[in-house]
Amino acid sequence: MTSISQHAALSDAFRDETPWDVGDDGDTLHEECGIFGVIGARSASSVVALGLHALQHRGQEAVGITSFDGGEFFSHRGIGHVAHVFKNQDIFADLPGMMASGHVRYSTTGGSGLRNIQPLFADLADGGFSIAHNGNISNAMTLKRDLVHKGSIFQSTSDTEVIIHLVATSRYPTLLDRFVDALRLIEGAYALICTTPAGMIACRDPLGIRPLVMGRIGSSVVFASETVALDVVGADFEREVEPGELLVVDHNGVISSHRPFGDPAPRPCIFEQVYFSRPDSILGGQSVYQSRRQIGVELAKEAPADADLVVPVPDSGVPAAIGYAAESGIPFELGIIRSHYVGRTFIQPGDSKRHAEVKRKHNANRALVAGKRIVLIDDSIVRGTTSLKIVQMMRDAGASEVHMRIASPPTDHSCFYGVDTPERSKLLAARMDLEAMADYIQADSLAFVSIDGLYRAVGQQDRNAKCPQFCDACFTGEYPTQLTDYDADAVAGETEA
């Protein structure tokens, strides 16, 4: 087996050699992808493209759409943003049909080459089968080795392709039974949208770690990673796909619900509330914006500061900063201005170019912050390099004091469920205590919201230590599933207090 400390080497088994922009010197957490599907809609592929555009924040490296016209499947994929890959309207003429699914990705497991762009497609015994996956399969390497030994030939380096091979080799009589059989063998997190000649299948893993919602445009059925995508395409939100639920929709719009995994206690990813989901989305019946604002309220109660201004690190720190300002009575001001016209670029060698990248994206509002004591609000600290640069930016603009407040607990464990976190040895909170972290980023003080404060902000009384209401492994090290691809000693090292 491969240890967690060798996570990069493990990922290389699924990864192309092409380097790709990771933004902010690798100091930002990235969701792996977003998925969207519609069945029963005219020009379904156009609807999917619009939905994916609303999910662009979940994956900015590549995009793909697969459609079905009642007889054949058609696909178009490319590296880049949705608006770039699908900029020509003629492309949609080559994606006909009333059923389509799509995917935007930020690669964690698997590389950024064309062969890994989803939806992945295969011709199975029952006909075509496409799959779009948000999440990460934590026993993919183990399953792949077994499948290859038995003769399977893989066309990509994505963990998602493992599901296709498991479906293809299952001996159950129907496609749905074979699909369920495949899902019983995988570990980790997944939200899936699959298309077949008979219709569409949408499902979430038994713990519901990754999100998936259902809506309607008239008689058409729509699935998406977030409710904001339903809003953008004009769909009415109907409900979340429940953890462990499989929804099968035929071409007449008939929906059947299947629950083959029992009824385990859900553990949705709490970082969706902190950072990944758009603030105009609804998660678990709660506004993401309101959750983030309330995190700021909790943070102000737990970690007050004697200061003149509350300044967010845009854009993700804005709602929490509004909440912090409201609770503390310290004025909220835009002390940092973000440029929205900075394109994603390949990592440049040398510290000077990396520092210049941050300055191209953010600039201090010097006239506002000069001579002021600043409370700086951000969503998280990963490696700490970006926080260091932002704090220094405030000092260079004349701030007399900089107090850093973080709208999440310390991120001191790696995620293996579809979030691109560095290996633990590179996480600042895993290497240093609070005082050392404050010294490293050169802040006058540093504080994080507590884990209970975070739970209160998202509508819980406190964290239930015996049965946590969310997956919070990146903060606590308590992983809710098996991690078969990583050896026991290494997992113990990841999860120890």
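Since this is a predicted model, take the numbers as computed values, not measurements.
Using a cutoff of 4.0 Å between basic side-chain nitrogens and carboxylate oxygens, E272 and R58 are scored as salt-bridged. R405 has no carboxylate O lying under 4.0 Å from a charged side-chain N of E302, or vice versa, which leaves the two without a salt bridge. Salt bridge annotation for E478-R463: present, with a cationic side-chain nitrogen under 4.0 angstrom from a carboxylate oxygen. A salt bridge is defined here as a Lys NZ or Arg NE, NH1 or NH2 lying under 4.0 Å from an Asp or Glu carboxylate O, and R259 with D263 fails to meet this definition. A salt bridge is absent between R210 and D205; no separation between the charged side-chain nitrogens and carboxylate oxygens falls under 4.0 Å.
Between R115 and T157, some side-chain heavy-atom pair lies under the 4.5 Å cut-off. By the 4.5 Å heavy-atom criterion applied to side chains, Y455 and P468 are counted as neighbours. Looking only at side-chain heavy atoms (C-beta outward), H413 and T411 stay at 4.5 Å or farther from each other. Between I65 and L52 there is a side-chain heavy-atom pair separated by less than 4.5 Å. With contacts defined as side-chain heavy-atom distances shorter than 4.5 Å, the pair L207/P243 does not qualify. Looking at F470 and P266, their side chains never come closer than 4.5 Å, going by heavy atoms from C-beta outward. Using a 4.5 Å heavy-atom threshold, the side chains of M437 and L446 count as touching.
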Report task. Would you please test I164 and I131 for side chain to side chain contact (heavy atoms under 4.5 Å, CB included) and show each step? Result -> CA-CA 8 Å; I164 294 177; I131 183 168; 3.7 Å; yes
Query raised in the report: Could you walk me through whether V221 and V38 pass the side chain to side chain contact (heavy atoms under 4.5 Å, CB included) check?
Result: CA-CA 6 Å; V221 180; V38 61; over 6 Å; no
Query raised in the report: After noting the C-alpha distance and the side-chain angles of Q469 and Q460, does the key distance pass the side chain to side chain donor-acceptor pair (under 3.5 Å) rule?
Result: CA-CA 8 Å; Q469 304 93 311; Q460 305 293 323; 3.3 Å; yes
Requested in this report: Tell me, with the steps shown, if S75 and T66 meet side chain to side chain donor-acceptor pair (under 3.5 Å).
Outcome: CA-CA 4 Å; S75 294; T66 296; 2.8 Å; yes
**Report entry** Stepwise side chain to side chain donor-acceptor pair (under 3.5 Å) check, T484 with Q482
**Finding:** CA-CA 6 Å; T484 297; Q482 294 292 317; 5.2 Å; no
**Report entry** salt bridge (Lys or Arg N to Asp or Glu O under 4.0 Å) between D452 and R456, worked out
**Finding:** CA-CA 6 Å; D452 282 335; R456 288 192 295 270; 5.0 Å; no
Report task. Report the C-alpha distance between Q286 and S291 in whole Å, list the side-chain angles of each, state the deciding distance to 0.1 Å, and finish with yes or no for side chain to side chain donor-acceptor pair (under 3.5 Å). Result -> CA-CA 7 Å; Q286 185 162 344; S291 292; 3.1 Å; yes
**Report entry** Worked verdict on F68 versus T195 for side chain to side chain contact (heavy atoms under 4.5 Å, CB included)
**Finding:** CA-CA 8 Å; F68 179 71; T195 58; 5.7 Å; no
Report task. Report the C-alpha distance between S101 and F36 in whole Å, list the side-chain angles of each, state the deciding distance to 0.1 Å, and finish with yes or no for side chain to side chain contact (heavy atoms under 4.5 Å, CB included). Result -> CA-CA 6 Å; S101 63; F36 189 98; over 6 Å; no
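The side chain to side chain contact (heavy atoms under 4.5 Å, CB included) with R105 is formed by just one residue from the set N116, I35, I79, V63; it is N116. F121 pairs with exactly one of F129, F74, F73 by the ring pair (Phe, Tyr, Trp, His ring centres under 6.0 Å) rule, that one being F73.
Formation of a donor-acceptor pair under 3.5 Å by the T227 side chain with backbone atoms of I282 is found in this model. Panel note: side chain R292, backbone V274; a donor-acceptor pair is recorded below 3.5 Å. In this structure a side-chain-to-backbone donor-acceptor pair under 3.5 Å is missing from N252 to V254. No donor-acceptor pair closer than 3.5 Å links the side chain of D159 to the backbone N or O of A140. At distances below 3.5 Å, not a single donor-acceptor pair connects side-chain atoms of S387 with backbone N or O atoms of I381. In this structure, N139 contributes its side chain and T142 its backbone to no donor-acceptor pair below 3.5 Å.
The aromatic ring centroids of F271 and F475 lie less than 6.0 Å from each other. Aromatic rings of Y479 and F416 (six-membered ring for Trp) have centroids within the 6.0 Å cut-off, being under it. You'll find the ring centres of H165 and F154 inside the 6.0 Å limit.
Residues S256 and H258 bring a donor and an acceptor atom of their side chains to less than 3.5 Å of each other. With no hydrogens or angles considered, a side-chain donor-acceptor pair links T160 and Q118 at under 3.5 Å.
Separation of atoms CD (E161) and CG (L166) is listed at 10.5 Å; rounding is to 0.5 Å. From D231, atom CG reaches atom CG of D236 across 9.5 Å, with rounding to the nearest 0.5 Å. With values rounded to the nearest 0.5 angstrom, I295 atom CD1 is found 7.5 Å from Q273 atom CD. With rounding to the nearest 0.5 Å, the separation of NE2 in H103 from CG in L120 is 8.0 Å. Distance check, rounded to the nearest 0.5 Å: CG of L388 to CE of M404 gives 10.0 Å. Rounding to the nearest 0.5 Å gives a distance of 8.5 Å between CG of D177 and CG of D181.
Shortest non-hydrogen contact noted between R184 and F261 is CG-CE2, 3.9 Å. Nearest heavy-atom pair, G40 versus S220, reported as atom, atom and distance to 0.1 Å: O-OG, 2.7 Å. Across every non-hydrogen atom of I441 and G384, the tightest pair is CG2-O, 3.8 Å. Of all heavy-atom pairs between E240 and E245, the closest is O-OE1, 4.4 Å. The two residues S316 and D378 make their nearest non-hydrogen contact at OG-OD1, 3.8 Å. Residues G262 and P264 approach most closely at C-CD, 3.5 Å, considering heavy atoms.
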